[in-house]
Amino acid sequence: MKPLDLIGSFPYDLYPTIRVSQRATFEGMKGVEGKLIRQLPVGSGKTAIGATYLYALRKQGKRRLFYIAPNKTLVEQVHTLHPDMKVAYGRNEHPCLYYPDEKLRADEIPCSLLGDCPHRVDQLTGETHEEGAIPCPYLQQKFEAKQMLAPVVCTNAFFLYTVLFSEEFEPEGVVIDEVHRLAQSIRSVLSTEITDWKVQRAVDVLDEVSPRQCAKLAAFLVSMRRLVKRHAMDKEVLLEEDQIKRLYEALMTVNPAMLQSEVRRAISSGKLDKRADREILKQLEDIMRSVRRFQHALKFAMTGATERGYPLNFVIAFGKSEMGEHDRVQYKIVVKDYYVVPLIKKLLPKDTLVYSATIVNPELLAFETGIKGDYASIPSGFPIENARIYLPTNTANLSVKSMSDSKREKTKMIRLIARTAKRFANKGIRSLVIVVSNEERTKFLEFAHEEGLKAISYGNGMPPRECAKRFRDGEGDCMVGTTANFGEGIDLPKKTAPVIFCLRPGYPRPDDPQTQFEERRFGKRRWALWNWRVMIDLLQVRGRNIRSEKDLGVTFLISQQFRRFAWGALPDWLEPAYRGDLSFEECVKDAKKLLV
Ligand code: SF4
């Protein structure tokens with residue numbers, strides 16, 4: 001096969017010139033077979049690189065091309081830059097036309113039980129079930145995406161459901177943006193939850209419709225409640241294999257196919273009405289789907305049941321001893337699909353390009369996602385003199401192990417950040433503070449108040465995105481948030497926050513079930529994975545305030561824990577920005593010289 005014509009496929013109608021980093025990326029991809037993994041820094045024009053790759057594949061006759069981004073905001077950004085691509089969203093982004101008076105979304109209705117819907121679009125012919133009916137927007141966009149030669153831009157979730165589960169597309173070319181998040185994002189999509197409330201509702205309804213299946217579901221409910229009550233009240237608990245086995249055996253007696261046909265029969269005989277009983281039907285549809293998925297997922301949470309000889313999933317139980325006024329769920333079981341490598345392998349064709357600004361270590365990316373291929377890290381075109389990464393010599397080590405008095409030391413470090421942020425604020429320099437826990441965030445706000453620093457954060461009805469917007473619009477001298485909320489995805493360019501303080505790396509909490517699962521599964525090897533994740537966090541945080549070649553930005557890494565991995569995380573081009581041998585005061589002085 002002829003090599004990809006990347007330069008010739010570049011969309012000159014959308015971008016006046018090819019940037020140096022784009023040209024370097026295309027040169028490096030020339031003639032390389034198989035999957036491509038690229039670390040592309042901020043400002044390298046990665047969306048155009050991905051689009052060009054797909055256009056070049058199209059030129060070669062490849063069809064069903066996908067650009068995949070982790071969330072809707074990024075999908076929209078890609079579509080704004082490349083309006084020729086077809087956007088495809090999940091059901092939750094489309095209205096359902098079956099119940100015109102109720103303004104419902106396509107994920108709020110029992111679609112699979114409404115076979116007579118006049119708006120249903122045949123995915124082979126594009127015709128509606130009833131001639132002349134308005135096509136269902138969700139199914140119509142899927143049909144169009146299948147017909148078009150243009151690449152489809154969609155989220156991880158849409159791609160996963162349509163390619164893997166419903167097998168509606170067989171992609172021939174794929175680009176994955178922000179690939180460092182892929183495994184976790186697929187895990188969250190595949191997390192399956194079953195609650196006592198949902199099962200109880202189904203049992204109540206099924207009594208008349210399907211008494212035998214109802215009795216089996218009721219028996220499962222008893223066993224689930226008993227298990228949670230005994231082991232997981234007011235805390236999330238990782239279930240042991242014998243507990244999972246008991247749940248599995250109870251659930252396997254339920255036959256979802258039988259359940260479905262009996263519900264359909266009840267609809268045909270008029271026992272259940274598609275319009276009047278919509279909510280009940282939706283609950284039944286949900287429970288049938290959950291049972292099916294649970295039966296499958298629980299099996300892979302047991303050692304003996306998997307080909308690999310170790311569990312691929314883990315199961316969490318949780319129960320509330322006190323129910324709030326609006327609480328409906330008291331007991332729940334969640335199955336988390338952990339081992340996503342085989343799924344990702346199945347999803348991706350040979351022609352795949354994945355990238356992110358923070359890959360750091362391609363071997364660990366392969367370990368987490370199974371994606372292996374030709375790797376290159378492209379240098380940034382931004383002047384390195386505009387950036388500093390400080391790891392002062394005289395700040396505390398905030399790891400729990402390293403000091404018995406780590407709580408007091410942490411308080412001291414949070415105070416130090418508040419005081420220093422105030423000193424910067426006095427010079428008109430704003431800052432972003434990244435902490436790991438909510439407790440640290442609250443403490444910082446308290447100290448900021450005492451120091452006279454105008455700090456803002458989310459909470460009390462204000463979501464993190466809204467808070468970031470207000471800060472960008474000029475509110476406050478300092479913004480504080482956790483790594484989970486502000487570590488990624490918010491841009492603070494043009495001196496919005498030239499100073500970033502990062503309190504400590506966010507290693508996983510020991511009481512988190514995923515942490516316990518990884519400990520058991522990987523033993524000592526887990527540290528390589530955890531260090532990789534905190535390295536990515538570090539690089540993501542650092543990148544928040546330098547979004548263009550004119551931006552100036554410094555990052556203070558406070559805890560000495562960073563010393564273990566910070567240098568190793570830096571790509572070659574970023575190394576000159578690192579300052580690891582100055583005291584805290586010397587770092588502040590140096591930062592002022594750069595920023596004032
Ligand atoms: S096919 Fe019909 S019932 Fe299903 S989502 Fe579309 S409009 Fe609603």
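Values below: all heavy atoms of this structure, side chains included; hydrogens, waters and symmetry mates excluded. Both counts, for ligands and for their atoms, begin at 1 and track the order of listing.
- Ring geometry for Tyr338 against Phe314 counts as tilted: the plane angle lies between 30° and 60°, on a 0 to 90° scale.
- The side chain to side chain contact (heavy atoms under 4.5 Å, CB included) test applied to Val189 returns Ala157, Leu160, Tyr161, not counting sequence neighbours.
- Proximity of a side-chain donor or acceptor of Glu236 to a complementary backbone N or O of Ala317 within less than 3.5 Å is not detected.
- One N or O on the side chain of His79 and one on the backbone of Met85 form a donor-acceptor pair closer than 3.5 Å.
- Around atom 2 (Fe) of ligand 1, the protein atoms of type N, O or S that sit closer than 2.8 Å are Cys117 SG.
- Salt-bridge annotation for Lys332 and Asp196: absent, with no side-chain N of the basic residue lying under 4.0 Å from a carboxylate O of the acidic one.
- At a threshold of 4.0 Å, the pair Arg64-Glu172 counts as salt-bridged, since one of the basic side-chain nitrogens sits closer than that to a carboxylate oxygen.
- The shortest separation from a heavy atom of Arg91 to ligand 1 is under 4.0 Å, placing the residue in contact.
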